[in-house]
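For reference, the structure discussed in these notes is given below.
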Amino acid sequence: MNANVAEENENTTTAPLRNESTTTAPLRNESTTTAPLWNDTTAPVAARVDALVAAMTLAEKTAQLYGVWVGASDQGDEVAPHQHDMEEAVDLDALLPTGLGQLTRPFGTVPVDPALGALSLARTQTRIAAGNRFGIPALAHDECLAGFSAWGATAYPVPLSWGATFDPDLVGRMAAAIGRDMRSVGVHQGLAPVLDVVRDARWGRVEETIGEDPYLVGTVGTAYVRGLESAGIVATLKHFAGYSASRAGRNLAPSSMGPRERADVLLPPFEMAIREGGARSVMNAYTDTDGVPSAADEDLLTGLLRDTWGFDGTVVADYFAIAFLRTLHGVAADWSGAAGLALEAGVDVELPNVKTYGAPLAEAVAAGRVPEALVDRALRRTLAQKVGLGMLDPDWSPVPAALEGADLDRPEALRGRIDLDGPKNRQLARTIAQEAVVLLSNDGTLPLDRPRRIALIGPNADEPTAVLGCYSFPQHIGVRHPGTPHGIELPTLRDTLAAEFPEAEITLSRGTGIDDGALTGIPEAARVARAADIAVVVLGDRAGLFGRGTSGEGCDAETLALPGAQQQLLDALLDQETPVVAVLLAGRPYALGRAVGECAVIVQSFFPGEEGTHAIAGVLSGRVNPSGRLPVGVPSGPGSQPATYLGARLAHAGPVSNVDPTPAFAFGHGLSYTRFDWTDLTVDEQEAPTDGEFRLAFTVRNTGERSGTEVVQLYLHDPVASVVQPVQRLVGHARVDLEPGEAVRLRATVPADLASFTGRDGRRVVEPGELELRLAASSADHRLVAGVRLTGAARYPDHTRRLRSVIVRDRDRGRPPGAA
């Protein structure tokens, strides 16, 4: 913190916590007893916004279109501007008289007690509202990718684990809990979910995605949006669009894709989250597609998003993305040029700080280079959002719900008052982690039967943060503050195995590091394994940012080989006679070499959060019957990328290439400790018109000896189409819980719209012809197949088409199992 900032905070810590906007704003209607129209809650939102826009100067308008990156004070003082190597110093005293649009990451910048952070934010909001003529506070946003990114807040499993649950309803409950915590301390907007579809598993941000299938990403992501929005938090869809399709899996690299791949693979999750989820914000992607950066793509941000899909929320810039139009993309000569391009394309708010939408934009408008009408367009959207959040209401208060009734004049008395990691949160985090654990292989070794001697080996065996993704607070922020406690309990797998098997002797050996390549500890690890009844080796990733980890933003991989010397460690253990249980705590799938055929057990967990090791220990003991399914395939070899199950025929194995991309474990794969039979498929109609639907029924029975969950997956195969199609693609899924011997009759309804794709002329089309509907336990395990036919003329559905199928129990036709 610089000296000027420190002095400013010292002089403003006693700002009264009340809304002074209606007593200090000089702008009034002619009657001094009548509140301005923009404060009139009985007036339509548009009228309130129009009145405010008409009263503003250009400087006041542009002030609502940018944010300032701040960090809350751990003493309850006002927030302090955050310095970043891509920003200049910010003078709040100079900015606040014209207003301020957003506060960037007040909680997700430095470690701060939640109650004191809430007080700091409230005091700052009081100052912001009192400092401008209209009494407008700032909208506060923060990260919430795997939980609220605040010190002491619950660290939930990462989105790739959400995908592994195939359980939108559970993810929606988690999002609602995250949203309630954020709203309780004064945050308005959450920068999540990530709806990028995995196209190359080498990309560092795979852990932030929900999976490699657009339907799975769409259904689970939409549930997250609904949950977050239900708590009053503005959900922000990112990254729109094409970020995950970057060349060679490199962060911020150009995206190589044609219009059909964009339309049929990358865009559907965003469309679903907007139409069905009600998301109120979208964040542009960093990348360019065919030479056009997303932040300057008017066809994307206005033509498709708004004019076609009808989105009426705000488009916010990914951090520094507008400046990148000049510095990285080279499509603007200066800051005002970058501002003009982004504003015209449809970017409403510059984040995280003011760089282009401040003085450069105002100067460009004054000079006639940028129409003021574009400023007004973005301003109306941002103000409408603030009106919708109650921020312009006469009774608006800066004091958040969690501090209501507290003595705000005694900051130290507030410390510890707010618990963002309570028992309900932790139980929810554990449930998600349990549903997300994927049992890849099992030769009968699991569940473990009271082992006497356990060799616990590997770099992640006794590492508390091994369960966390790169956007968790400890890995994202805490690592920059050594000595600061994590703020949450993070039991290691050593801790939870000791609790799960209290009679066992557990011997620990690290073997090697995550990525240090050290080999000297491997012989000792092998010796420890030989002396044990079972060897549990815990491998995987370390989450970090920009090369400080093996997974996370800017931590891209050259190959999908396990980092460092972990494969050598694994192979050395397989050379022993002791059965090996491999546990992966990772942010992406890795090729496992000979372990695929030689390991007794392989357990895959994608950064399962603070309760993750409890879930894994439960799976190993049998207390938890695994029900997770792979949201991304596990490759057979380290160099077969990019490859996903959505490939067309030529993308699969064949005689024309010696490279076989067939995965070791396919998308949707996962084992259980019980067995399920699928029988008695019936099809109501073998034919349906191109605007109709197909109705199927089938029976799933638990034929094992314990209760379990089957994950029903429905795939569509289109054998002949006018443009090349994936061999199959997911169009439905449902979790089905069954007791031993229990059977359930399920009914599936599949709209013809789900057979649509982007045709040769660029329009979405449903073509007549033969189809297969494959009811499956994974993309490689089809249990029942229905041949059906679409009849009639080709149909061109628009954006109002049906986006999902429905799978329901026969006794409960209203709501599909696992639906949001």
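Worth knowing before you read on, the calculation uses all heavy atoms, side chains too, and leaves out hydrogens, waters and symmetry mates.
In this structure, P268 and L803 have side chains that are not in contact, with every pair of non-hydrogen atoms separated by 4.5 Å or more. Within the 4.5 Å cutoff, side-chain heavy atoms of V315 are placed close to those of R306. At least one side-chain heavy atom of Y673 sits under 4.5 Å from a side-chain heavy atom of P626. Within the 4.5 Å cutoff, the side chain of T431 has no heavy atoms near those of the R173 side chain. Here the side chains of D660 and S636 are not in contact, with every heavy-atom distance at 4.5 Å or above. Residues V700 and W678 form a side-chain contact, since some pair of their non-hydrogen atoms from C-beta on lies under 4.5 Å apart. Between L790 and F694, the closest side-chain pair of non-hydrogen atoms falls below 4.5 Å. No side-chain heavy atom of D810 sits less than 4.5 Å from a side-chain heavy atom of V744.
In this structure, W162 contributes its side chain and P157 its backbone to a donor-acceptor pair below 3.5 Å. The backbone N or O of E687 lies less than 3.5 Å from no partner atom in the side chain of R789, so there is not a single donor-acceptor pair. Checked by atom type and distance alone, the side chain of E229 pairs as donor or acceptor with a backbone atom of A235 at under 3.5 Å. Using a distance-only test at 3.5 Å, with no hydrogens or angles considered, a donor-acceptor pair links the side chain of E212 to the main chain of G633. Between the R260 side chain and the V723 main chain, no donor and acceptor come within less than 3.5 Å of each other. For R809 (side chain) and L746 (main-chain N/O), no donor-acceptor pair under 3.5 Å exists by modelled atom type. S281 contributes a side-chain N or O that, together with a main-chain N or O of T314, makes up a donor-acceptor pair within less than 3.5 Å. Q713 contributes no side-chain N or O that, together with a main-chain N or O of L730, makes up a donor-acceptor pair within less than 3.5 Å. Using modelled atom types, no side-chain atom of H239 and backbone atom of D196 make a donor-acceptor pair closer than 3.5 Å. Proximity of a side-chain donor or acceptor of T699 to a complementary backbone N or O of D680 within less than 3.5 Å is not detected.
For the residue pair T236 / Q189, a side-chain donor-acceptor distance below 3.5 Å is found, with atom types taken as modelled. Using a 3.5 Å distance cut-off with no hydrogens or angles, the side chains of E276 and T222 do not pair a donor with an acceptor. Under the 3.5 Å distance criterion, with hydrogens and angles disregarded, no donor-acceptor pair is assigned to the side chains of N702 and S707. Inspection of the R735 and S627 side chains reveals an N or O donor paired with an N or O acceptor under 3.5 Å. In this structure, a donor-acceptor pair under 3.5 Å is absent between the side chains of R199 and T209. In this structure, a donor-acceptor pair under 3.5 Å is present between the side chains of E207 and S551. When only modelled atom types and interatomic distance are considered, T679 and D677 share no side-chain donor-acceptor pair under 3.5 Å.
For the pairing with L584, the side chain to side chain contact (heavy atoms under 4.5 Å, CB included) check across I602, I616, V603, L440 returns one residue only, I602.
In this structure, H669 and F665 have parallel ring planes: the angle between them is below the 30° cut-off, well short of the 60° mark. Taking the six-membered ring where the residue is Trp, H782 and Y715 present tilted rings, their angle falling between 30° and 60°.
Residues T219 and P168 come closest through the heavy atom pair O-CB, 3.8 Å. Here the closest heavy-atom approach between residue S244 and residue L266 is recorded as OG-CD2, 3.9 Å. A pairwise comparison of heavy atoms in D753 and P797 identifies OD1-CB, 4.2 Å as the closest pair. Among all heavy-atom pairs drawn from S805 and P751, the shortest one is CA-CD, 3.9 Å. Minimum heavy-atom separation, A752 to P689: CB-O, 3.9 Å. Scanning all heavy atoms of the two residues, the minimum distance from G221 to P193 falls at O-CG, 3.9 Å.
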(request) Test side-chain contact (heavy atoms from CB on, under 4.5 Å) on H733 and L216 and set out the steps. (result) CA-CA 8 Å; H733 59 84; L216 179 66; 4.1 Å; yes
(message) Is there a side-chain contact (heavy atoms from CB on, under 4.5 Å) between F667 and V632? Walk through the geometry before answering.
(response) CA-CA 5 Å; F667 172 86; V632 287; 5.8 Å; no
(request) Start with the C-alpha distance between Y471 and V158, add both sets of side-chain angles, then the distance that settles side-chain contact (heavy atoms from CB on, under 4.5 Å), and finish with yes or no. (result) CA-CA 9 Å; Y471 267 80; V158 298; over 6 Å; no
(message) Please evaluate residues S778 and Y645 with respect to the criterion side-chain contact (heavy atoms from CB on, under 4.5 Å), reporting the C-alpha separation (whole Å), side-chain torsions for both, the decisive distance (0.1 Å), and the verdict.
(response) CA-CA 11 Å; S778 80; Y645 96 96; over 6 Å; no
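Between R764 and D264 there is a salt bridge, since a side-chain N of the basic residue sits under 4.0 Å from a carboxylate O of the acidic one. For E271 and R801, the salt-bridge test passes: some basic side-chain N is under 4.0 Å from an acidic carboxylate O. Salt bridge annotation for D684-R695: present, with a cationic side-chain nitrogen under 4.0 angstrom from a carboxylate oxygen.
If you take CD on E710 and CZ on R675, they are separated by 12.5 Å, rounding to the nearest 0.5 Å. In this structure, M174 CE and L428 CG are separated by 7.5 Å, a value rounded to the nearest 0.5 Å. Rounding to the nearest 0.5 Å places OG1 of T709 at 3.5 Å from CG of D737. Taking CG of L560 as the reference point, atom CZ of R202 lies at 7.0 Å (rounded to 0.5 Å). Interatomic distance, Q434 CD to N625 CG, rounded to the nearest 0.5 Å: 11.0 Å. Here the CD atom belonging to E298 is positioned 12.5 Å from the CG atom belonging to L304, to the nearest 0.5 angstrom.
For E705, the CD atom sits in a loose shell: 12 or fewer heavy atoms of surrounding residues, nucleotides or ligands are nearer than 6.0 Å. Within 6.0 Å of CG in D290 there are 12 or fewer heavy atoms belonging to other residues, nucleotides or ligands.
A cation-pi geometry, defined here as NZ or CZ lying under 6.0 Å from the six-membered ring centre and within 45° of its normal, does not hold between R629 and F166.
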